[in-house]
Trainee: 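Okay, handing you the structure first.
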Amino acid sequence: MRIFWGFTGVLLGCLLLLAGSGCGGGGGPDVGSGRGRARDGQTGQVPMRETRGGVMPAERDTLLLAYGNDTNTLNAITSNDTVSRAFQRQVYEGLASADYADPDRLLPALAESWEFDEETLTFTIHLRRGVRWHPMNLPNGEPLPDREFTARDVRFSFDCMLNPHVDAAHLRSYFENPDAQDESERYKISLNVVDDYTVEIRWTEPYFLAEEFTLGAVPMIPRHVYSVDENGEPISFDFSSREFAEGFNNHWANSMMCGTGPMMFREWSRDERLVLDRFNDYWGEPFFFSQIRMRCIPNANTMVQMTLQNELDWAGFPDKDQWLQSETNANVRSGKVHLVEFEYPGYRYIGYNMNRPVFRDRDFRLALAHATPVQQIIDEVFHGLAVPVSGPFLPGSSAADSSIEPIPFDLDKARQLLDQAGWRDTDGDGVRDKVIDGVRVSASFELMIFSDSRSFRAIAEMIQEEFRKIGVRLVITPAEWALMLDRLNSKEFDAAMLGWATGWSRTDPFQIWHGSLADVPSSSNHVGYSNPEVDRLIEQLRVTMDEDKQQELYHQIHRLIYEDQPYTFLFSEMATAGHDARLQNIEFYRLRPCIDTREWHSSAPRLQGR
């Protein structure tokens with residue numbers, strides 16, 4: 001898994017949670033209502049340079065996009081979901097970015113160049129000069145001074161991420177030493193500011209993804225914004241303190257964004273829209289469109305219909321039935337709307353909270369896997385536009401062990417496992433039960449699903465019926481995305497149907513599967529999985545440089561997680577979408593989010609969302 005900010009915002013950020021449905025003015029933010037506004041207007045004239053797509057930028061043209069449900073924060077360090085990353089993608093940048101055409105190749109971004117000393121494990125990073133932060137106001141409307149991006153911002157971004165009290169466990173875990181004996185050994189990196197445009201980052205031990213994580217994992221954020229409170233006063237002079245973390249986690253700018261990218265934040269009205277304007281003083285290739293407007297449309301059917309009526313420029317069609325049926329739409333048949341399908345690196349799963357007594361029993365989890373009709377789901381809900389997965393690595397990737405077959409649908413096997421594990425219906429209510437630690441536990445649990453996804457509901461109902469046949473009661477609990485994130489972060493759920501956006505190249509399993517994160521709030525190990533042998537293999541993988549040995553370790557990790565079944569692994573689906581025919585130069589890549597909007601341009605302008 002590659003994590004880069006300069007181009008896609010992510011990698012999975014590590015890995016990113018998939019939501020269910022596809023993919024500045026005056027005044028300060030109203031934090032309570034989830035509203036934020038940046039300083040009025042765009043800066044400078046329309047850039048007289050070609051865009052990444054090889055054309056001159058439009059003077060006025062609005063790109064209309066949509067999203068299903070709002071995230072709970074826009075903070076680039078603490079957010080870890082696909083919605084927030086979609087918001088941030090053209091606003092924030094990293095020190096380097098990955099090449100869409102060749103994901104294993106790093107391209108300079110905020111770092112102009114770098115060298116690596118293999119003996120000292122030190123990266124010397126030379127920063128790009130003359131990069132400006134986007135303009136920003138305090139909540140009282142007072143403008144913050146315009147600033148240049150420097151090494152102080154790099155140091156600050158890493159300091160925030162490494163503060164153990166900041167809600168960034170999903171990033172911090174890659175830099176932590178799980179075997180640390182004291183606080184001085186906690187992190188595997190140290191950072192030294194040489195001068196305003198030079199930074200040294202040293203690793204204390206070899207790491208097989210050191211270059212990716214040093215240069216691409218941490219989005220650069222402005223010190224002059226996130227180090228001060230709403231009055232412009234320092235939160236704390238110690239960026240590693242709990243006091244600073246509390247101010248940072250609840251920062252007044254968490255409903256806004258301030259980056260160095262080609263688009264600058266204008267407005268976020270929760271449950272309504274996000275608006276970005278082109279930053280005409282951007283250091284690199286300008287964005288073609290003068291504005292991006294992203295509408296919050298929780299109902300996926302509404303989003304699809306608006307796309308088919310040319311009221312949106314691009315939208316994912318998560319419901320495969322609807323995507324196929326759209327082929328008969330008049331605008332599709334006339335060529336005004338184009339339908340597309342493409343590979344998307346990720347997988348769906350049902351995750352079980354291992355802190356719940358009912359899920360501590362491995363045979364119970366394995367029985368649930370045997371009772372999950374994955375192929376039927378693929379055939380009936382996704383019309384064959386998906387493939388089963390057997391574990392945490394994508395089928396066809398070198399990390400996946402191709403000899404491991406997905407667990408077959410077999411209700412008799414599921415019943416046999418439950419019988420052998422002592423799960424029986426002792427009171428005749430149709431639901432099995434078992435005494436665990438002196439308490440009778442019912443084979444009943446809630447399955448949290450994304451509320452606005454028809455396909456998630458259909459999948460859950462199919463599984464619910466099969467579970468009923470083996471004496472397990474499943475209660476479907478729909479929730480909006482922000483609420484799902486809150487429950488996952490606090491581990492206040494029984495089971496959840498989710499997805500991980502991952503990568504085709506090497507990934508680090510630590511973020512999701514290492515036991516040191518099992519009890520950490522807001523970590524990506526939200527199911528609380530812990531297996532000492534898996535931990536040992538992950539730790540060995542992280543310091544192994546030989547690719548053949550890496551593959552061997554990946555396969556061992558795959559098999560152990562497969563045997564434990566902390567997730568019921570479901571499938572990896574093809575992405576389906578539609579777009580206005582005016583959009584030009586759309587290419588598809590294996591690097592998430594699989595499209596590069598900086599390459600796009602249009603054959604005719606759209607003004608102010610019309």
Trainee: Any chance the rings of Trp500 and His526 have centres within less than 6.0 Å?
Mentor: yes
Trainee: Inspect the surroundings of CD in Glu547 and state if more than 12 heavy atoms from other residues, nucleotides or ligands are less than 6.0 Å away.
Mentor: no
Trainee: Do Phe175 and Val218 come within less than 4.5 Å of each other through their side chains, counting heavy atoms only?
Mentor: yes
Trainee: Does a side chain donor of either Thr120 or Arg202 reach within less than 3.5 Å of an acceptor in the other side chain?
Mentor: no
Trainee: Are the aromatic ring centres of Phe571 and Phe382 under 6.0 angstrom apart?
Mentor: yes
Trainee: Thinking salt bridges, do Arg590 and Glu343 make one under a 4.0 Å N-O criterion?
Mentor: yes
Trainee: Test ring-ring contact (aromatic ring centres under 6.0 Å, His included) on Phe116 and Phe123 and set out the steps.
Mentor: CA-CA 4 Å; Phe116 179 64; Phe123 288 88; 4.4 Å; yes
Trainee: Yes or no on side chain to side chain donor-acceptor pair (under 3.5 Å) for Asp546 and Gln550, after CA distance, side-chain angles and deciding distance?
Mentor: CA-CA 6 Å; Asp546 180 84; Gln550 288 174 9; over 6 Å; no
Trainee: Where do Pro318 and Ala300 come nearest, in terms of heavy atoms and distance?
Mentor: CG-CB, 4.2 Å
Trainee: How about Met462 and Ile459: do any of their side-chain heavy atoms sit closer than 4.5 Å?
Mentor: no
Trainee: Given side chains that start at C-beta, do those of Pro373 and Ile463 come closer than 4.5 Å, heavy atoms only?
Mentor: yes
Trainee: Are Phe364 and Tyr352 an aromatic pair, judged by ring center distance below 6.0 Å?
Mentor: no
Trainee: Considering non-hydrogen atoms only, spot the tightest contact between Asn585 and Glu599 and give its length.
Mentor: ND2-O, 2.9 Å
Trainee: Does any part of the side chain of Lys413, heavy atoms only, come nearer than 4.5 Å to the side chain of Gln416, both counted from C-beta?
Mentor: yes
Trainee: Leu162 and Arg172: which non-hydrogen atoms are nearest, and at how many Å?
Mentor: O-CD, 3.5 Å
Trainee: Take atom CD in Glu480; do more than 12 heavy atoms of anything else shown fall under 6.0 Å from it?
Mentor: no
Trainee: Measure across Glu405 and Ser402 and return the closest heavy-atom pair with its distance rounded to 0.1 Å.
Mentor: OE2-O, 4.5 Å
Trainee: Indicate yes or no: at least one non-hydrogen side-chain atom of Phe359 is less than 4.5 angstrom from one of Val527.
Mentor: no
Trainee: Report yes if some heavy atom in the side chain of Arg348 is under 4.5 Å from a heavy atom in the side chain of Met497; otherwise report no.
Mentor: no
Trainee: Does a side-chain N-to-carboxylate-O contact under 4.0 Å join Arg432 and Asp425?
Mentor: no
Trainee: Salt-bridged, Arg424 to Asp419, with N to O below 4.0 Å?
Mentor: no
Trainee: Would you tell me whether Thr576 and Lys320 have side-chain atoms, one donor and one acceptor, within less than 3.5 Å of each other?
Mentor: yes
Trainee: So, does Tyr187 use its side chain to make a donor-acceptor pair with the main chain of Thr204 at under 3.5 Å?
Mentor: no
Trainee: Are the side chains of Asp433 and Val441 in touch, meaning some heavy atoms are under 4.5 Å apart?
Mentor: no
Trainee: Please state whether the rings of His558 and Phe393 are parallel, tilted or perpendicular, taking 30° and 60° as the class boundaries.
Mentor: perpendicular
Trainee: Flag the pair Glu205 and Arg542 as a salt bridge only when some basic side-chain nitrogen lies within less than 4.0 angstrom of an acidic carboxylate oxygen.
Mentor: no
Trainee: Side chains of Ser444 and Ser442: do they bring a donor and an acceptor to under 3.5 Å?
Mentor: no
Trainee: Looking at every non-hydrogen atom in both residues, tell me the closest pair between Asp535 and Ser530 and how far apart they are.
Mentor: OD2-OG, 4.4 Å
Trainee: Okay, side chain of Asn353, backbone of Phe493: is any donor-acceptor separation there less than 3.5 Å?
Mentor: yes
Trainee: Testing the basics here: between Trp513 and Pro392, what is the closest heavy-atom pair and its distance to 0.1 Å?
Mentor: NE1-CB, 3.5 Å
Trainee: Quick check: are there more than 12 heavy atoms from other residues, nucleotides or ligands sitting under 6.0 Å from CD of Glu115?
Mentor: yes
Trainee: Answer yes when Glu539 and Arg536 have at least one side-chain N-carboxylate O distance shorter than 4.0 Å, and no when they do not.
Mentor: no
Trainee: With heavy-atom distances below 4.5 Å as the criterion, would you say the side chains of Phe588 and Val340 are in contact?
Mentor: yes
Trainee: For a salt bridge (Lys or Arg N to Asp or Glu O under 4.0 Å) check, start with the C-alpha distance between Lys491 and Asp519, then their side-chain angles and the critical distance, and finish with the verdict.
Mentor: CA-CA 9 Å; Lys491 304 188 189 300; Asp519 298 319; over 6 Å; no
Trainee: Is it true that Lys434 and Asp361 make a salt bridge, defined as a side-chain N closer than 4.0 Å to a carboxylate O?
Mentor: yes
Trainee: For the residue pair Trp600 and Trp314, does the interplanar ring angle fall in the parallel (under 30°), tilted (30 to 60°) or perpendicular (over 60°) class?
Mentor: tilted
Trainee: Centroid-to-centroid, Tyr174 to Phe213, below 6.0 Å?
Mentor: yes
Trainee: Any chance the rings of Phe87 and Tyr67 have centres within less than 6.0 Å?
Mentor: yes
Trainee: Hey, are Arg52 and Asp596 close enough for a salt bridge, meaning a charged N less than 4.0 Å from a carboxylate O?
Mentor: yes
